[in-house]
Amino acid sequence: EAGVTQSPTHLIKTRGQQATLRCSPISGHTSVYWYQQALGLGLQFLLWYDEGEERNRGNFPPRFSGRQFPNYSSELNVNALELEDSALYLCASSLLPNSPLHFGNGTRLTVT
Amino acid sequence: AQKVTQAQTEISVVEKEDVTLDCVYETRDTTYYLFWYKQPPSGELVFLIRRNSFDEQNEISGRYSWNFQKSTSSFNFTITASQVVDSAVYFCALSSSNDYKLSFGAGTTVTVRA
């Protein structure tokens, strides 16, 4: 069974640009979660999608957005990038809400 | 609001020593779930265990054991006879049946020296 896959592995952008991160969940999982892991800030919940709808959102500004496609894959968009957006962005999927999350290897975003 | 506290930032032990990781949580929900995840140097978060709020039975899985005590809002994790491969960051996390958002503690970095 293929795990959660994320692309790209690394992404380098300059301040003010937009970044798009992609995630494919485990087959059969309909829920996708996005987390930001910034140095010194731990794992912060960003977004939760289920059945194509945004179900919950963390304490992040609106320039962090995303969507979930009919095949349950998801993308995270970060507009007007700031230096402090540099972090590891982790995607996870689950079979049901409150089921264990299965994480991908993450996308390392660097904003210069 | 939910909160998970892992007071230990770093723990360093010599191989074969036991190590206990503390986790204290706060929630107003009566139905909630507690988790432990491991993040090795490779970066991928690996699920270790889930406990629901109605199941206070302790669990042992190989060298890993978990002690859930609702009275003290704690869900501690012990690695017995630690090995170098246990070196990782360990996260405790909490979710509720209300919002399904998984809230993580700050993590404890465990270093096991040969």
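In what follows, chains carry the letters A, B, and so on, assigned in the order in which the sequence lines appear, proteins first and then strands, with residues in each chain numbered from 1. When reading the values below, keep in mind they use all heavy atoms of this one structure, side chains included, and skip hydrogens, waters and symmetry mates.
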* To do: Decide whether B:Val89 and B:Val13 are clustered together by the hydrophobic rule: side chain heavy atoms of Ile, Leu, Val, Met, Phe, Trp, Tyr closer than 4.5 Å, transitively.
  => no
* Asked: When only pairs under 4.5 Å are counted, which of A:Asn105, A:Leu41, A:Leu88 shares the most heavy-atom pairs with chain B?
  -> A:Asn105
* Any chain of hydrophobic side-chain contacts (each under 4.5 Å) joining B:Leu34 to B:Val24? -> no
* May I ask you to check whether over 12 heavy atoms, not counting those of B:Lys16, lie within 6.0 Å of atom NZ? => no
* Asked: Atom CG of B:Leu45 and atom NE2 of A:His102: how far apart are they, to the nearest 0.5 Å?
  -> 12.0 Å
* **Contacting region of B:Ser96 [heavy-atom separation from chain A under 4.5 Å]** => backbone
* A:Tyr33 side, atom OH; B:Lys101 side, atom NZ - distance, nearest 0.5 Å -> 12.5 Å
* Which answer fits A:Gln44, side chain, backbone, both or neither, if we ask what part of it has an atom under 4.5 Å from a heavy atom of chain B? -> neither
* To do: Look at the side-chain heavy atoms of Ile, Leu, Val, Met, Phe, Trp and Tyr, link any pair under 4.5 Å apart, and say whether B:Leu48 and B:Tyr25 land in one connected group.
  => yes
* Structure fact -> When rounded to the nearest 0.5 Å, the distance separating OG of A:Ser99 from OH of B:Tyr33 is 8.5 Å
* Asked: From A:Trp48 CH2 over to B:Ser95 OG, what is the distance, rounded to the nearest 0.5 angstrom?
  -> 10.0 Å
* Asked: Going only through I, L, V, M, F, W and Y residues with side-chain contacts under 4.5 Å, is there a path from B:Phe77 to B:Phe75?
  -> yes
* Given the rule that I, L, V, M, F, W and Y join up when any side-chain heavy atoms are under 4.5 Å apart, are A:Leu46 and B:Phe104 in one cluster? -> no
* **Interatomic distance, A:Leu90 atom CG to B:Glu44 atom CD [nearest 0.5 angstrom]** => 9.5 Å
* To do: Inspect the surroundings of CG in A:Asn71 and state if more than 12 heavy atoms from other residues, nucleotides or ligands are less than 6.0 Å away.
  => yes
* A:Leu83, CG: over 12 other non-hydrogen atoms inside 6.0 angstrom -> yes
* To do: For each of A:Asp50, A:Asn56, A:Val4, tally heavy-atom pairs with chain B at distances under 4.5 Å, and name the one with the top tally.
  => A:Asn56
* Asked: Donor-acceptor pair, B:Tyr37 side chain versus A:Leu101 backbone, under 3.5 Å?
  -> yes
* **Within 6.0 angstrom of A:Arg63 CZ, more than 12 heavy atoms from elsewhere** => yes
* Asked: Given that the side chain runs from C-beta out, which part of B:Tyr32 has a heavy atom under 4.5 Å from chain A: side chain, backbone, both or neither?
  -> neither
* Might you point out which heavy atoms bring B:Phe35 and A:Pro100 nearest each other, and give the distance in Å? => CE2-CA, 3.8 Å
* Asked: With distance as the sole test, does A:Tyr35 use its side chain to make a donor-acceptor pair with the main-chain N or O of B:Leu102 at under 3.5 Å?
  -> yes
